[in-house]
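Whatever order the structure lists ligands and atoms in, that order sets their numbers, starting from 1. Below, all heavy atoms of this structure are taken into account, side chains as well, without hydrogens, waters or symmetry copies.
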Amino acid sequence: MGTLWQSELRRIALLLIGGLLLGALFGNVALGLLIVLGAYLLWHLYNLHNLVRWLRESKKFQPPEASGIWDDVFEHIFRLQQRNRKRKRNLRRMLKRFHKITVALPDATVELKPGSDEIEWWNNAAGRYLGLEYPRDAGQRITNLLRYPAFLEYLQKGDYEQGVEMPSPVDENITLRVRVIPYSGNRRLLLARDMTRMQKLERTRQDFIANVSHELRSPLTVVSGYLETLIESPECGESYAGQLHSMRQQTERMNRIVDDLMLLSRLESEIPQADAEPVAVPELIDSIAEQARRLSGAEGHHIELDVDRALCLKGRETELYSAFSNLVFNAVRYTPAGGHIGIRWRRLDGEPVFAVEDSGVGIAASHLPRLTERFYRVDTGRSRASGGTGLGLAIVKHVLLRHDGHLEIESEPGEGSVFRCHFPAGRIASCKPR
Ligand code: ADP
């Protein structure tokens, strides 16, 4: 750039000298200079004209011929244009690729206009699953096309974390899981995934467990019945006492597993009724504590209650009984004789909380995330020996889910554990006087 300006200044200096010489020739220096400067201005105007014409005729890529500083100006603009064109080409290619990817996605994808429910764009799968048609539905409100009440409520709520399941408006045998993904400020993307296969598999799994448990129940009842008869008969009862006792223990264990499996499949498959009754939790706890004392028997655990007698809960009594009793009986089973067990039912930050605290064997932190899985046991031998089915905490989890609650577990190996069932404040009911 520096040398260019130098040569341009040299060009001006030469022109001025030429102008002076011309002025000397005409005997008028000012005239000589005027002619030379006029020519210089014309040269600039000519190049400027060329520049404007070149920029206007965008299709003509090569810059016009020029000399001096104008050659450099044209060269610079030309290089800038080329760089821009290359960038545009890359962007266009990238956009096309993204477009092809989103069009090919198996999930229905619908883009909503910023800050509104109007449809801006959608992919092929959205046509298949949501019945969107171009151009008919462009600009339509999504709420006019998807009228399923749970979806409308989900969209209105604005809490998009969970998603919602609904039948496809095209084919009600297709179940869709719809989620809204907010992005870049006030923009929203609606994704719908076909869950039909997953749902069928889940239903098959649930049916299988329910059927197997059901089928096992009748032969088990027969075996248990005959066993009781044999135990009571004088000939067999005495000769085979040990074997018969062990057989009775095993059939009882199988009965408990079958009962728990059937309860679990009911909890999974039955839709909870909306009109939950107020449950007298204090009385429920009294009865569970009484059974826990009986279960503890000679082991003499200290079972202490701290119960808010005015606090009841809207829910289903039998389910709450299953969840709470599983936690309390676990505390007895996993706490050495003479240990301490605390059962609390209080409000914590406004929320009703049922907590069972024990001074038992405790659980290492690595096991905590998997504890509510079916048949997950920390110590299989101890679980079986104390009559466990490995399904107790899975039942607790499902009951809490059906009551909009969640389970919190704190534990320290060798120190003890605390299991807390948190329920939403909206489920609090005042207890009826008995
Ligand atoms: P189980 O019938 O084996 O007790 P659960 O589902 O009730 O099955 O519990 C799962 C596992 O969690 C148990 O096997 C046990 O290892 C552990 N566990 C549950 N409650 C306690 C507790 N209060 N203290 C220590 N470990 C516990």
Checklist line | Euclidean distance, Asp207 CG relative to His214 NE2, rounded to 0.5 Å | finding: 13.0 Å

Touching ligand 1 at all, [X]? Heavy atoms, strictly under 4.0 Å?
| X | value |
| --- | --- |
| Phe419 | yes |
| Arg384 | no |
| Leu371 | yes |

[X] heavy atoms, cut-off 4.0 Å: which ligand 1 atoms fall inside?
| X | answer |
| --- | --- |
| Arg377 | 3 (O), 14 (O) |
| Gly392 | 5 (P), 6 (O), 7 (O) |
| Gly388 | 2 (O) |
| Ser417 | 24 (N) |
| Thr389 | 2 (O) |
| Val361 | 25 (C) |

Notebook entry, point to check: Between Phe354 and Phe419, does the ring centroid distance fall short of 6.0 Å?
Noted result: no

Notebook entry, point to check: After noting the C-alpha distance and the side-chain angles of Asp260 and Arg374, does the key distance pass the salt bridge (charged side-chain N to carboxylate O under 4.0 Å, His left out) rule?
Noted result: CA-CA 10 Å; Asp260 277 1; Arg374 281 149 220 248; over 6 Å; no

Checklist line | Flag side-chain contact, heavy atom, 4.5 Å: Val332 against Ile341 | finding: yes

Check: Heavy-atom distance under 4.5 Å between the side chains of Phe329 and Ile288, does that happen here?
Finding: yes

Checklist line | Between Ser269 and Gln206: side-chain donor-acceptor atoms closer than 3.5 Å | finding: no

Checklist line | Any side-chain donor near an acceptor of the partner, Asn330 and Arg333, under 3.5 Å | finding: yes

Notebook entry, point to check: Salt bridge or not for Asp308 and Arg344, using N-O below 4.0 Å?
Noted result: no

Next item on the list: Could you tell me whether Glu118 and Arg141 make a salt bridge, using a distance below 4.0 angstrom between a side-chain N and a carboxylate O?
Entry: no

Note to self: For Thr380, which part has a heavy atom under 4.0 Å from ligand 1: side chain, backbone, both, or neither?
What the structure shows: neither

Margin query: Heavy atoms only, cut-off 4.0 Å: how does Arg333 contact ligand 1, side chain, backbone, both, or neither?
Written below: side chain

Quick one: which of [options] has a heavy atom closest to [atom]?
| atom | options | answer |
| --- | --- | --- |
| atom 4 (O) of ligand 1 | Tyr376, Phe329, Tyr334 | Tyr334 |
| atom 16 (O) of ligand 1 | Ile409, Thr335, Val378 | Val378 |
| atom 1 (P) of ligand 1 | Ser411, Gly360, Gly381, Gly390 | Gly390 |

Note to self: For the 3.5 Å polar cut-off, considering only N or O atoms, please tell me whether Gly362 and ligand 1 meet it.
What the structure shows: no

Next item on the list: Please confirm whether Leu393 comes within less than 3.5 Å of ligand 1 when only nitrogen or oxygen atoms on both sides are compared.
Entry: yes

Notebook entry, point to check: Quick one: does Ser168's side chain have a donor or acceptor within less than 3.5 Å of a partner on Tyr129's backbone?
Noted result: yes

Notebook entry, point to check: How about Met254: does its CE atom have over 12 heavy atoms from other parts shown lying under 6.0 Å from it?
Noted result: no

Identify the closest protein heavy atom to [atom]: which residue and atom is it, and at what distance?
| atom | answer |
| --- | --- |
| atom 23 (N) of ligand 1 | Asp358 OD2, 2.9 Å |
| atom 19 (C) of ligand 1 | Asn330 ND2, 3.5 Å |
| atom 3 (O) of ligand 1 | Ser383 OG, 2.5 Å |

Item checked: Worked check of side-chain contact (heavy atoms from CB on, under 4.5 Å) between Tyr226 and Thr251 -> CA-CA 11 Å; Tyr226 281 127; Thr251 42; over 6 Å; no

